[in-house]
*Asks:* 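This is the structure I want to talk about, given as structure tokens.
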Amino acid sequence: DGGITQSPKYLFRKEGQNVTLSCEQNLNHDAMYWYRQDPGQGLRLIYYSQIVNDFQKGDIAEGYSVSREKKESFPLTVTSAQKNPTAFYLCASSTFLGRGNEQFFGPGTRLTVL
Amino acid sequence: QKEVEQDPGPLSVPEGAIVSLNCTYSNSAFQYFMWYRQYSRKGPELLMYTYSSGNKEDGRFTAQVDKSSKYISLFIRDSQPSDSATYLCAMSASLTGNQFYFGTGTSLTVIP
């Protein structure tokens, strides 16, 4: 059953802690993405990766870090430098079809800072 | 100016109504257009995908792209309470650029 999994579903963080959100896909997609979703603001791109061992900053990368050591995995670390980390985090992946690309999303992780 | 503009709603319609959801965009390079449906506290799911201009139909859903006006639409016929969700439009420019631009989403409620 192909898809994208994210864990945990809910995550609570204390001030000053780093936390890592997991994203795994078995769709054999080359590209993976992390978005942040806040009420009324839509999806904002944090980081994206088109191939293994390579990634680019998105619009709101400050306070976040990623790695792409395997094609299937793209973990996101929310560092203590991120001032307002409470949000819904979405991971996505995409592939190049014959005429374009489609992006598929995981179920999301809701991060709350205590 | 935002790359993609979408009316956030909320939109409330009776069951069976035809729903029209719309997005406008500013970048004429966009060629790939998508509509996502997102239920509360869930990840978005791809609903419709269109390349370039024209219409695409899938069951009760029709996606339209008008590149000359930089305007895309999603029509839902015979709307059902299960269609109640937030609908996000998204678009991208090229095969290799691989960045997607999203609207803020329109919240739809279908009243039984």
Side-chain angles (χ1 to χ4, degrees), chain A residues 2-7 9-10 21 23 25 27 29-51 54-61 68 87-112, chain B residues 1-10 21 23-25 27 29-54 56 58 63 65 67 72 85-107:
Chain A
I4 303 174
T5 56
Q6 289 185 243
S7 61
K9 188 173 181 180
Y10 298 98
L21 283 59
C23 177
Q25 55 99 0
L27 300 167
H29 286 176
D30 293 298
M32 297 186 74
Y33 312 77
W34 274 105
Y35 292 92
R36 170 180 171 143
Q37 187 174 36
D38 296 281
Q41 293 201 45
L43 298 174
R44 292 186 288 169
L45 183 65
I46 304 172
Y47 269 97
Y48 69 102
S49 168
Q50 298 193 46
I51 56 172
D54 186 55
F55 47 83
Q56 288 78 41
K57 292 181 179 180
D59 301 319
I60 55 164
R68 186 87 187 274
F88 190 46
Y89 290 86
L90 289 161
C91 179
S93 69
S94 72
T95 187
F96 300 113
L97 303 179
R99 296 181 300 164
N101 48 49
E102 299 179 35
Q103 198 168 69
F104 296 90
F105 286 85
T109 292
R110 188 164 297 277
L111 173 63
T112 303
Chain B
Q1 183 184 10
K2 285 185 180 178
E3 296 270 7
V4 181
E5 299 276 0
Q6 183 175 10
D7 186 339
L21 304 167
C23 288
T24 59
Y25 62 95
N27 189 343
F30 289 148
Q31 298 188 73
Y32 308 99
F33 304 93
M34 290 141 280
W35 285 97
Y36 289 86
R37 177 174 61 196
Q38 185 176 23
Y39 292 113
S40 181
R41 297 181 176 267
K42 303 287 186 184
E45 55 177 321
L46 183 65
L47 203 57
M48 298 285 283
Y49 167 84
T50 310
Y51 168 70
S52 195
S53 282
K56 185 173 183 179
D58 184 2
V65 175
K67 291 188 71 179
I72 69 171
T86 296
Y87 290 81
L88 301 161
C89 63
M91 43 201 83
S92 67
S94 71
L95 287 172
T96 56
N98 220 16
Q99 283 204 42
F100 294 74
Y101 296 86
F102 286 83
T104 52
T106 299
S107 175

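Only heavy atoms go into these numbers, but all of them, side chains included; no hydrogens, no water, no symmetry mates. Chain A is the first sequence line, chain B the second, and so forth, proteins listed ahead of strands; every chain is numbered from 1.
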*Asks:* Sort B:Q6 into side chain, backbone, both or neither according to what part of it lies under 4.5 angstrom from a heavy atom of chain A.
*Replies:*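 When you check distances to chain A, no heavy atom of B:Q6 falls under 4.5 Å.
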*Asks:* Please flag which part of B:P44 lies under 4.5 Å from any non-hydrogen atom of chain A: side chain, backbone, both or neither.
*Replies:*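 Looking at B:P44, backbone and side chain both touch chain A.
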*Asks:* Where does B:Y101 contact chain A at under 4.5 Å (heavy atoms): side chain, backbone, both or neither?
*Replies:* neither
*Asks:* Which bit of A:Q6 is near chain B, if near means a heavy-atom gap under 4.5 Å: side chain, backbone, both or neither?
*Replies:*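 It is neither, since no heavy atom gets under 4.5 Å.
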*Asks:* Is the A:Y35-B:F102 ring centre distance short of 6.0 angstrom?
*Replies:* yes
*Asks:* Around B:K42, counting heavy atoms of other residues, nucleotides and ligands shown, do more than 12 lie under 6.0 Å from its NZ?
*Replies:*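 Atom NZ in B:K42 is not packed in, count stays at 12 or less.
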*Asks:* Check the pair A:L43 / B:Q38 against side chain to side chain contact (heavy atoms under 4.5 Å, CB included), numbers first and verdict last.
*Replies:* CA-CA 12 Å; A:L43 298 174; B:Q38 185 176 23; 5.6 Å; no
*Asks:* State the OH-CZ distance between A:Y33 and B:F100, to the nearest 0.5 angstrom.
*Replies:* 4.0 Å
*Asks:* Below 4.5 Å, heavy-atom pairs only: which of A:G108, A:P107, A:A92, A:C91 has the largest tally toward chain B?
*Replies:*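 The candidate making the most pairs under 4.5 Å is A:P107.
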*Asks:* When rounded to the nearest 0.5 angstrom, what distance separates OG1 in B:T104 from CZ in A:R44?
*Replies:*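 So the OG1 of B:T104 and the CZ of A:R44 are separated by 12.0 Å.
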